[in-house]
Amino acid sequence: MSKILFLADLHGNMPATLALEKEIEKIRPDLIWFLGDAVGKGPESDKTFDWVRTHCDKFVAGNWDLFIGELSRNCPPEWEGMSFFWEQLGQERMDWLESLPLEDEILISGINFRLFHGRPVDNNYHTYLSIDEFRPAFTDTNGRVHGGFISADCHTPYLRTFDMGYAINTGSVGNSLGVTRCHALLIEGELDSEKEAPINFSFLSIPYDKDLAIRTAEECDGLPNKEAYINELVTGVYSR
């Protein structure tokens with residue numbers, strides 16, 4: 001069986017990212033998928049970006065990955081404080097993020113999963129939505145229906161089952177809501193196999209040096225919405 005790790009929403013939180021790295025060294029996955037939002041919100045987007053590009057094998061873009069590039073080209077006056085992010089990242093990093101696909105797919109143990117971040121290609125699929133609200137997520141932008149989907153964006157890990165298949169969210173590495181730990185998804189199964197076979201789903205839930213993450217944010221000059229970001233790290237409740 002192959003080990004496939006799915007991670008997303010690092011959001012400039014390098015202490016959480018390094019905690020995940022230590023677990024990756026133990027798990028030794030065969031494939032690492034990045035499902036969007038390497039950057040934004042936190043103080044070290046350049047570092048979490050570089051980590052993603054170095055450690056992940058496959059990629060899709062997230063809403064923040066694209067949002068920062070769009071703002072750098074056409075920024076309303078009320079958003080000028082966001083220049084912190086594109087100035088920190090630089091043009092080459094933003095160009096790479098904007099080159100990423102918005103969705104992809106993966107075949108594991110006879111189940112074809114749609115892979116996407118959430119926004120901007122689709123909705124932000126929160127765990128509390130109804131079955132009918134989840135149904136569109138199983139169909140990709142080419143009209144192909146999948147036996148499951150794996151997304152991110154809502155910053156809360158979950159696995160739900162429906163008549164259409166599995167609805168899964170990776171949770172967030174660096175900006176988790178609910179339980180304020182670093183989260184990622186590990187699937188063990190037969191990669192690229194059309195034959196039905198056993199499959200195992202598990203979530204990594206990793207403590208990290210939250211005090212360091214908060215201190216790094218506090219000491220970062222010019223970080224937009226600093227208090228809201230720190231409050232989210234502390235409480236796990238979305239602030240804005």
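Only this structure's heavy atoms are used, side chains among them; waters, hydrogens and symmetry mates stay out.
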Exercise for review: Classify the ring geometry between H55 and W51 as parallel (under 30°), tilted (30 to 60°) or perpendicular (over 60°).
Suggested key: parallel

Check your understanding: Under 4.5 Å between any side-chain heavy atoms of E103 and D122, yes or no?
Key -> no

Check your understanding: Counting N and O atoms only, with roles assigned by atom type, does the side chain of S45 sit under 3.5 Å from a partner on the main chain of G40, one being a donor and the other an acceptor?
Key -> yes

**Study point:** Closest non-hydrogen atom pair, G42 against F85
**Key:** O-CE2, 3.5 Å

Point to revise | Under 3.5 Å donor-acceptor, D30 side chain and K3 backbone | key: yes

Review point. Between the side chain of D46 and the main-chain N/O of L89, is any donor-acceptor distance below 3.5 Å?
Key: no

Exercise for review: Could you tell me which non-hydrogen atom of S239 sits nearest to which non-hydrogen atom of A228, and how far apart they are?
Suggested key: OG-O, 3.2 Å

**Study point:** Verify same cluster id: F138, V60 (apolar side-chain graph, 4.5 Å)
**Key:** no

Review point. Can the ring centres of W33 and F113 be said to be less than 6.0 Å apart?
Key: no

Check your understanding: At their closest point, which heavy atom of A38 faces which heavy atom of V52, and how far apart are they?
Key -> CB-CG2, 3.9 Å

Practice item. Taking the side chain as every heavy atom from C-beta outward, state whether L5 and I24 have any atom pair closer than 4.5 Å. Key: yes

Practice item. Give the minimum heavy-atom separation between N169 and T156, together with the two atoms involved. Key: OD1-O, 3.3 Å

Point to revise | Residue pair E227 / N231, side-chain donor-acceptor N/O under 3.5 Å | key: no

Check your understanding: Is a donor on one side and an acceptor on the other found under 3.5 Å between the side chain of S193 and the backbone of S109?
Key -> no

Practice item. Could you check if a side-chain atom of V39 sits within less than 4.5 angstrom of a side-chain atom of L97, using non-hydrogen atoms only? Key: yes

Exercise for review: Walk me through it: do I199 and E188 pass the test side-chain contact (heavy atoms from CB on, under 4.5 Å)?
Suggested key: CA-CA 6 Å; I199 187 168; E188 297 174 85; over 6 Å; no

Review point. Does F201 have its ring centroid less than 6.0 Å away from the ring centroid of Y166?
Key: yes

Review point. Is there a path from I27 to M1 through hydrophobic residues (I, L, V, M, F, W, Y) whose side chains come within less than 4.5 Å of each other?
Key: no

Practice item. Run the numbers on W86 and F67 for ring-ring contact (aromatic ring centres under 6.0 Å, His included), then give the verdict. Key: CA-CA 10 Å; W86 65 78; F67 174 58; 9.1 Å; no

Exercise for review: Report yes or no: do H183 and S176 form a side-chain donor-acceptor pair below 3.5 Å?
Suggested key: yes

Practice item. Taking the side chain as every heavy atom from C-beta outward, state whether T170 and I150 have any pair of such atoms under 4.5 Å apart. Key: yes

Practice item. For E190 and K195, indicate whether the former's side chain and the latter's backbone hold a donor-acceptor pair under 3.5 Å. Key: no

Point to revise | Proximity of H11 and H155 rings by center, below 6.0 Å | key: yes

Check your understanding: When clusters are formed by joining ILVMFWY residues with side-chain heavy atoms under 4.5 Å apart, either directly or through shared neighbours, do L233 and V237 land in the same one?
Key -> no

Check your understanding: Would you say E194 has more than 12 foreign heavy atoms packed within less than 6.0 Å of its CD?
Key -> no

Study note, to complete from the structure: Nearest heavy-atom contact between I108 and G189 is CG2-CA, 3.8 Å

Practice item. Take T161 and L159, measure what side-chain contact (heavy atoms from CB on, under 4.5 Å) needs, and give me the verdict at the end. Key: CA-CA 7 Å; T161 58; L159 188 155; 4.0 Å; yes

Exercise for review: Give a yes-or-no answer on whether the side chains of E133 and S130 include a donor-acceptor pair shorter than 3.5 Å.
Suggested key: yes

Check your understanding: Out of D37, L100, L71, L102, which residue meets the side-chain contact (heavy atoms from CB on, under 4.5 Å) rule with L66?
Key -> L102

Exercise for review: Starting from the C-alpha separation in whole Å, work towards a yes-or-no answer on side-chain contact (heavy atoms from CB on, under 4.5 Å) for N112 and R144.
Suggested key: CA-CA 10 Å; N112 191 270; R144 184 179 182 187; 3.9 Å; yes

Practice item. Give me the one residue out of I32, I4, L31, D104 that meets side-chain contact (heavy atoms from CB on, under 4.5 Å) with K58. Key: L31

**Study point:** Nearest-0.5 Å distance that lies between atom OG1 in T127 and atom CD1 in I168
**Key:** 12.0 Å

Point to revise | Value rounded to 0.5 Å, distance of CE in M14 from NZ in K47 | key: 7.5 Å

Check your understanding: Under 3.5 Å, side chain of K41 to main-chain N/O of K226, donor-acceptor pair present?
Key -> no

Review point. If you group Ile, Leu, Val, Met, Phe, Trp and Tyr by side-chain heavy-atom gaps below 4.5 Å, do F203 and I106 land in one group?
Key: yes

Point to revise | Straight-line distance of K26 NZ to R28 CZ, nearest 0.5 Å | key: 14.0 Å

Practice item. Might you confirm whether atom CD of E196 has over 12 heavy atoms from other residues, nucleotides or ligands at distances under 6.0 Å? Key: no

Practice item. Give, for atom CH2 of W64 and atom CZ of R119, the distance between the pair rounded to the nearest 0.5 Å. Key: 10.0 Å

Exercise for review: Would you check if the distance from the ring center of F49 to the ring center of W96 is below 6.0 Å?
Suggested key: yes

**Study point:** Main-chain N/O of D9 paired to S172 side chain as donor or acceptor, under 3.5 Å
**Key:** yes

Practice item. Decide yes or no on side-chain contact (heavy atoms from CB on, under 4.5 Å) for N200 and I187, but give the supporting numbers first. Key: CA-CA 6 Å; N200 181 59; I187 295 181; over 6 Å; no

Exercise for review: Answer with yes or no whether the side chains of N13 and E44 bring together a donor and an acceptor at under 3.5 Å.
Suggested key: no

**Study point:** Approximate separation, where rounding is to 0.5 Å, of L129 CG and R135 CZ
**Key:** 13.0 Å

Review point. So do the side chains of C56 and L7 get within less than 4.5 Å of each other, counting heavy atoms only?
Key: yes

Exercise for review: Looking only at non-hydrogen atoms, find the nearest pair between D140 and R114 and report the distance.
Suggested key: CA-NE, 3.6 Å

Check your understanding: Transitively linked via ILVMFWY side-chain contacts under 4.5 Å: L18 with L10?
Key -> yes

Practice item. Could you tell me how the ring of F134 sits relative to the ring of F162: parallel (under 30°), tilted (30 to 60°) or perpendicular (over 60°)? Key: tilted

Point to revise | Inter-residue atom distance L115.CG - F149.CZ, 0.5 Å rounding | key: 11.0 Å

Review point. Within a strict 4.5 Å, meaning less than it, do heavy atoms of the W79 and P224 side chains meet?
Key: no

